[in-house]
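So the structure is just underneath, and the comments pick up after that.
Predicted model only: the values in this text are computed from it and were never measured.
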Amino acid sequence: MHWSQVEVGALARAASCAPSVHNSQPWVLEVPNGVLRLYERFDVSLPRHDPTGRDRVLSCGAALANLDLAVRVLGWRPEVELLPSPVRPDLVAEIRAAERGEAKPDELNRYSAIFQRSSYRSPFALHHVPPRVLRLLGDTAAGPGTEARLVQSRTEAAPLAELLAHAGQLLRADRAYQRELTAWTAQLREPPSPETTLPWSGLVRADTHLPDTVTLTERVAAESLLIVLTADDTRRDQLHAGAALERAWLAAITEGLVGSVLTQPLHLPEVRAGLIEKLDLPGYPQAILRVGYPVTATPGRVLAPTGVGKRG
């Protein structure tokens with residue numbers, strides 16, 4: 001299999017649009033002899049935000065999900081091998097074009113959504129996400145040992161809000177963490193969040209407003225939140241989680257939704273353990289995806305553009 005320069009460009013662009021920790025894109029894509037090789041960049045290090053590198057691996061998993069879709073849209077069925085080399089720990093995946101296969105309509109729609117995806121850091125519209133759509137997101141995210149579990153607003157909003165508030169207080173007071181956050185956001189020219197308050201702001205900065213627990217519980221209960229879980233907590237599991245997160249997010253976009261991700265609180269051991277215990281989670285929480293309708297648009301579907309499909 002030989003990819004043309006145009007096809008390599010399409011694959012690289014799809015990977016570059018994946019969500020990543022602080023928009024750092026901690027991966028490198030190479031295409032030797034027609035094989036797509038995705039490498040993790042260990043030099044992209046955030047010791048205070050991402051001490052174990054979990055968010056970096058999740059980011060690579062999201063890029064892998066986009067590459068999988070791009071290969072399908074180019075008219076091939078991808079064959080993916082995770083962590084294929086014991087002597088190259090930075091090589092997270094190899095993708096080969098196994099056989100010809102026309103992309104399905106939902107794959108075309110999710111591929112289109114790759115280039116529309118962005119983090120929505122504001123309150124959602126009051127229009128609730130239908131159960132059918134939430135089931136679709138869960139089904140789309142499901143993979144090997146991976147699921148996206150919906151937070152039950154009546155029984156789980158309060159304990160989740162307590163844990164988010166605890167994380168917010170610790171992170172806002174952590175001066176080393178705040179210095180690292182300031183340095184990275186300045187380097188990447190990351191725009192400030194329009195809502196510097198929980199749960200919408202995502203990252204907790206020194207000026208982030210922390211609402212009281214009652215208010216935060218009401219906000220959490222009003223949102224649709226999906227916790228991406230894995231059966232184990234290995235690097236392979238984290239890659240699967242990143243891919244599942246991106247699949248669910250792209251599916252949300254095709255349904256007219258917007259979203260954003262929370263991972264920051266999960267780096268505090270007591271918060272992660274508290275989520276497992278208080279929400280009775282059957283695995284390890286890797287990320288929280290919040291989805292809803294934007295306040296400035298009417299709910300509707302996003303269709304794949306004309307002409308995107310199988311190519312020779």
key: Crowding at CG, D212 (>12 non-hydrogen neighbours, <6.0 Å)   = yes
key: Inter-residue atom distance N109.CG - L250.CG, 0.5 Å rounding   = 11.0 Å
inquiry  = To the nearest 0.5 Å, what is the distance between CD on E162 and NE2 on H166?
reply    = 11.5 Å
Over all atoms of both residues, closest heavy-atom pair of A14 and A70 = CB-CB, 3.9 Å
Heavy-atom pair with the smallest gap, counting every atom of T263 and A287 = CG2-CB, 3.8 Å
query = Atom OH in Y111, atom CG in N66: separation rounded to 0.5 Å?
reply = 9.5 Å
inquiry  = Considering only residues two or more places apart or on different chains, which pairs with a residue in residues 23-47 satisfy ring pair (Phe, Tyr, Trp, His ring centres under 6.0 Å)?
reply    = none
query = So, are E94 and R37 salt-bridged, with charged N and O less than 4.0 Å apart?
reply = yes
inquiry  = Using side-chain heavy atoms (C-beta onward) and a distance below 4.5 Å, is V220 in contact with L198?
reply    = no
query = Taking R117 for the side chain and I253 for the main chain, is one N or O donor matched with an acceptor at less than 3.5 Å?
reply = no
ask   = Is there side-chain contact between Q178 and R205, with heavy atoms separated by less than 4.5 Å?
value = yes
Distance-only donor-acceptor check, side chains Q116 and S112, under 3.5 Å = yes
inquiry  = So which atom in S24 and which in R41 form the shortest heavy-atom distance, rounded to 0.1 Å?
reply    = O-NH1, 4.4 Å
ask   = Counting only heavy atoms not in Y284, do more than 12 sit closer than 6.0 Å to its OH atom?
value = no
inquiry  = Is it the case that the side chain of E107 and the backbone of K104 share a donor-acceptor pair, with hydrogens and angles ignored and the cut-off at 3.5 Å?
reply    = yes
message = The test is side chain to side chain contact (heavy atoms under 4.5 Å, CB included); show your working for N23 and W184 and say whether it passes.
response = CA-CA 10 Å; N23 296 320; W184 267 94; over 6 Å; no
message = Is there a side chain to side chain contact (heavy atoms under 4.5 Å, CB included) between L67 and L29? Walk through the geometry before answering.
response = CA-CA 10 Å; L67 286 171; L29 178 64; 3.9 Å; yes
task = Would you mind reporting whether L225 and L289 have side-chain heavy atoms less than 4.5 Å apart?
result = no
I'd like a table of donor-acceptor pairs (distance under 3.5 Å, sequence neighbours excluded) in which one partner is a side-chain atom from residues 136-146, with atom names and distances.
unit_1: T140; atom_1: OG1; unit_2: L136; atom_2: O; d: 2.8
unit_1: T146; atom_1: OG1; unit_2: P144; atom_2: O; d: 3.0

request  = Output yes when a side-chain donor or acceptor of S260 lies under 3.5 Å from a complementary backbone atom of S119, and no otherwise.
outcome  = no
Common cluster, L281/L58, ILVMFWY with side-chain heavy-atom separation under 4.5 Å = no
key: Salt-bridge contact D280-R149 (side-chain N to carboxylate O under 4.0 Å)   = no
message = Quick check with a 6.0 Å cut-off and a 45 degree axis cone: is R13 positioned over the face of F115's six-membered ring?
response = yes
note = Note: R48 and A176 closest approach over all heavy atoms is NE-CB, 3.6 Å
query = Is the backbone of P89 close enough, under 3.5 Å, to the side chain of R235 for a donor and an acceptor to pair up by distance?
reply = yes
query = Do L91 and I95 share a hydrophobic cluster (ILVMFWY, side-chain heavy atoms under 4.5 Å, transitive)?
reply = no
query = For D55 and H267, does a side-chain donor sit closer than 3.5 Å to a side-chain acceptor?
reply = yes
query = Between the main-chain N or O of H49 and the side-chain N or O of E180, is there a donor-acceptor pair closer than 3.5 Å?
reply = yes
ask   = Going through the checks in order, is the side chain to side chain contact (heavy atoms under 4.5 Å, CB included) test met by T196 and H209?
value = CA-CA 6 Å; T196 55; H209 172 65; 5.6 Å; no
request  = Report yes if the side chains of P294 and F124 come closer than 4.5 Å at any heavy-atom pair, otherwise no.
outcome  = no
query = Does R54 come within less than 4.0 Å of D50, counting only side-chain N to carboxylate O?
reply = no
inquiry  = Under 4.0 Å between a side-chain nitrogen and a carboxylate oxygen: does that hold for E246 and R110?
reply    = no
inquiry  = With rounding to the nearest 0.5 angstrom, report the OG1 to CG distance, T208 to L171.
reply    = 9.5 Å
ask   = Is a side-chain donor or acceptor of T215 paired with a backbone partner of P211 at a separation under 3.5 angstrom?
value = no
task = May I ask you to say whether E40 pairs ionically with R88, meaning some side-chain N is under 4.0 Å from a carboxylate O?
result = no
ask   = Going by heavy atoms in the side chains, are L229 and P282 under 4.5 Å from each other?
value = yes
inquiry  = Using a strict threshold of under 4.0 Å (side-chain N to carboxylate O), is an ion pair present between E79 and R77?
reply    = no
request  = Verify the cluster assignment for V204 and L266: are they in a single hydrophobic cluster under the rule of side-chain heavy atoms below 4.5 Å apart?
outcome  = yes
message = If I compare all heavy atoms of R219 with all of W200, which pair ends up nearest, and what's the gap?
response = NE-CH2, 3.5 Å
remark   = Value for CG (L216) from CD (E218), rounded to nearest 0.5 Å, stands at 10.0 Å
message = Quick check: is L11 connected to V35 through a chain of hydrophobic side chains (ILVMFWY, heavy atoms under 4.5 Å apart)?
response = no
ask   = Side chains of Q286 and H240: donor-acceptor distance under 3.5 Å anywhere?
value = no
query = Does the side chain to side chain contact (heavy atoms under 4.5 Å, CB included) test come out yes or no for W249 and V261, once each step is laid out?
reply = CA-CA 9 Å; W249 198 345; V261 175; 3.4 Å; yes
query = From E156 CD over to L150 CG, what is the distance, rounded to the nearest 0.5 angstrom?
reply = 8.5 Å
Sidechain-backbone polar pair: T230 side chain, D237 backbone, donor-acceptor under 3.5 Å = no
key: L82 side chain near L64 side chain, heavy-atom distance below 4.5 Å   = yes
ask   = Transitively linked via ILVMFWY side-chain contacts under 4.5 Å: V258 with V295?
value = yes
message = Check whether R290 reaches the backbone of E223 with its side chain - one donor and one acceptor, N or O, closer than 3.5 Å.
response = no
inquiry  = Looking only at side-chain N and O atoms, does E7 offer a donor or acceptor that is under 3.5 Å from a partner on W76?
reply    = no
remark   = Between Q25 and S16, the two heavy atoms sitting closest are NE2-O, 3.0 Å
key: Minimum side-chain heavy-atom gap P131-L134 below 4.5 Å   = no
ask   = Below 4.5 Å, heavy atoms only, C-beta onward: do I288 and L226 meet side chain to side chain?
value = no
